[in-house]
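So the structure is just underneath, and the comments pick up after that.
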Protein chains: 2
Amino acid sequence: MEHFIAHTFLVHPHPLECEAVADWLRKISYVELVGKGSSLDHLIQLPYLKDIDVIVLFAHQTENVAEKILKIRKLHPRLKFLLLAPSPSSESVREVVRSGVSGYIVFESELHEWELAFRAVSQGRVYYGQEVMLRLAESSVETFIPEPIPTTKDFLSKREVEILRLVANEYTTTRIASELCISDKTVESHRRNLFQKLGVKNSVGLTKIAVRMGVV
Amino acid sequence: MEHFIAHTFLVHPHPLECEAVADWLRKISYVELVGKGSSLDHLIQLPYLKDIDVIVLFAHQTENVAEKILKIRKLHPRLKFLLLAPSPSSESVREVVRSGVSGYIVFESELHEWELAFRAVSQGRVYYGQEVMLRLAESSVETFIPEPIPTTKDFLSKREVEILRLVANEYTTTRIASELCISDKTVESHRRNLFQKLGVKNSVGLTKIAVRMGVV
DNA sequence: TACAATATCGTGGAAAACCCTTAAAACAAG
DNA sequence: CTTGTTTTAAGGGTTTTCCACGATATTGTA
């Protein structure tokens, strides 16, 4: 049982593999595949673009990908991208991440990692594979921390971020309530909504995300 | 009420300030000042060196400090250093941190921050002030993550680290118990010991430390 | 203005976490 | 072989979290 349905669009340059992957995606309970195409260009004139949650993008070279993503994201900032690509170079990884992809893993990733990445992305979090992280680490830290966060923050309301911060600061529900002058029950509601939106099931999960988001 | 007593040695190059700071330290309930000196060199031939928990080190220039610390730590790896120093340069910060100081804050830090740093260090965690972190971020990431961790891990037993990992992975007590084939009560014991050792009061706190330690 | 998202507050109940105390076996180090 | 730490465990509590159902007011925006 999943708490969410991700309306997903698949981009894969090889028709056969595109089809195969599409079928495979359709079998996943929380994925609703709304379309597929061989390149990002086909995507732009789609009428139902704004109903899409996640774009799963297979790219064999990351040359112009970053700017295309940037262009699309400018029109539809809520769109999330999960990029599957070859092991990146330190130079390319930077601009790709800055373009605002929410997830970035290499082709060689295990199914398990794919799952993790997809769930993270479709729930508004970010996920970078080990190889990507390594390259990012070689590049400057400054460009790496701030960029991917906004997606997540936009996804949460102001109040929710506030609650998230306090939860991750070891405040109890009661304490948060009195701090914000609202009812315990309201705090619980927010907390529950956070669970749902972030796809975790308790405060420990929230805390890890809060750390990753940098709200603590 | 504190859960710990930190046997502390103070190093300050200026006699007057050394005396003043020493007195100030003595007033703190969980500090037991076991000695003071004007330089690290005085420290090496101390007979009771291995009964010391924390060395609070005021250093106006960080030139040779790193190697001195390294030398001392080689003989007494359990010794923790809290370094008070001027705002560091990107070059110096790296080697200082690599020398294994557990805490590093600037002279200008507020009392509040001093307290945080001291508690962290004496409990085997690490604490770097904002300024230090910034400089570290400018330097490479790789050199920054791994070094300070071992102190913390030494401080925890193997089993405790294991429990910590599972807690931070959103496992419930019952789940952990069945995973490790031990009683719920045992898991609770470990969890409580972790609270005590790490100076936090719930699993959210543990989680944050686990993330910092890199066990998740 | 109507619709969606957000923020608010509730009941009731089950599960998990947390607190205090005690203590025995296993083990390493001195 | 004693001493300290780790790992194990239990009884008997309180508090907090989490879940499953609501419900109403506010706000922003198409």
Side-chain angles (χ1 to χ4, degrees), chain A residues 1-4 47 49-51 53 75-78 124 153-207 210, chain B residues 1 3-5 7 50-51 53 76-78 123-124 153-208 210:
Chain A
M1 280 304 109
E2 300 299 330
H3 304 100
F4 66 100
L49 198 57
K50 69 173 171 45
D51 298 323
D53 299 313
L75 296 169
H76 302 277
R78 311 199 101 199
K153 280 207 171 145
D154 288 352
F155 188 59
L156 300 181
S157 71
K158 245 207 230 142
R159 200 56 152 180
E160 283 166 342
V161 173
E162 208 169 355
I163 304 283
L164 180 61
R165 212 194 70 239
L166 293 169
V167 167
N169 274 342
E170 284 137 281
Y171 286 52
T172 66
T173 298
T174 317
R175 181 82 192 289
I176 296 172
S178 74
E179 203 84 10
L180 302 180
C181 300
I182 56 180
S183 151
D184 282 28
K185 289 302 174 180
T186 307
V187 178
E188 278 187 37
S189 286
H190 287 307
R191 192 200 286 264
R192 252 182 305 108
N193 291 336
L194 284 167
F195 289 161
Q196 223 237 350
K197 283 192 180 179
L198 300 173
V200 297
K201 52 186 244 307
N202 58 32
S203 298
V204 168
L206 290 187
T207 304
Chain B
M1 280 301 110
H3 305 102
F4 66 100
I5 296 289
H7 297 88
K50 71 173 169 47
D51 298 324
D53 298 313
H76 301 277
R78 308 199 106 200
Q123 288 165 14
K153 281 208 173 144
D154 288 352
F155 187 60
L156 300 180
S157 73
K158 246 206 229 142
R159 201 56 153 178
E160 282 166 343
V161 174
E162 207 170 355
I163 303 282
L164 179 61
R165 211 194 71 239
L166 294 170
V167 167
N169 274 343
E170 283 137 281
Y171 285 53
T172 66
T173 297
T174 316
R175 182 83 191 289
I176 296 172
S178 74
E179 203 84 10
L180 302 180
C181 301
I182 55 179
S183 150
D184 283 28
K185 288 297 184 179
T186 308
V187 178
E188 279 187 37
S189 289
H190 287 306
R191 189 201 289 265
R192 252 180 304 106
N193 291 336
L194 283 167
F195 289 162
Q196 221 234 0
K197 283 193 179 177
L198 300 174
V200 298
K201 54 186 245 304
N202 57 32
S203 298
V204 168
L206 290 186
T207 304
K208 287 193 291 183

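Throughout, protein chains are lettered first and strands after them, A, B, ... in sequence-line order, and every chain is numbered starting at 1.
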Strictly under 4.0 angstrom, non-hydrogen atoms only: write out the protein contact profile of nucleotides 23-30 of chain D, one letter per nucleotide from the 5' end, B, S or -.
--------

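Within the structure, every side-chain polar atom (N or O) of B/Thr174 is placed at least 4.0 Å from both OP1 and OP2 of C/dA15. Side-chain nitrogen and oxygen atoms of B/Ser183 include at least one within less than 4.0 Å of the OP1 or OP2 phosphate oxygen of D/dA10. Taking side-chain N and O atoms only, A/Thr186 has no distance below 4.0 Å to OP1 or OP2 of C/dA7.
In terms of heavy atoms, A/Leu194 sits closest to A/Leu206 at CB-CD2, 3.9 Å.
Between A/Glu162 and A/Arg165, no side-chain nitrogen of the basic residue sits less than 4.0 Å from a carboxylate oxygen of the acidic one, so the salt-bridge criterion is not met.
Ranking D/dT17, D/dT8, C/dG10 by closeness to the B/Arg159 side chain, first place goes to D/dT8. The side chain of A/Phe195 approaches D/dC19 more closely than any other nucleotide in the set C/dA17, D/dA10, D/dC19. Here the nucleotide nearest the side chain of A/Ile182, chosen from C/dT8, D/dT16, D/dA9, is C/dT8. Among the nucleotides C/dC18, C/dT8, D/dT17, the one closest to any side-chain atom of A/His190 is C/dT8.
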Protein-nucleic acid N or O pairs under 3.5 Å, nucleotides 11-14 of chain D:
from: D/dG11; atom 1: N7; to: B/Lys185; atom 2: NZ; distance (Å): 3.2
from: D/dG11; atom 1: O6; to: B/Lys185; atom 2: NZ; distance (Å): 3.4
from: D/dG12; atom 1: O6; to: B/Lys185; atom 2: NZ; distance (Å): 2.5

Using nucleotides 3-5 of chain D, report all nitrogen or oxygen pairs with the protein that are shorter than 3.5 Å.
none

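Atom CZ of A/Arg191 and atom C1' of D/dC19 are 13 Å apart (whole Å).
Side-chain contact check for A/Arg191 versus A/Ser203: some heavy-atom pair is nearer than 4.5 Å.
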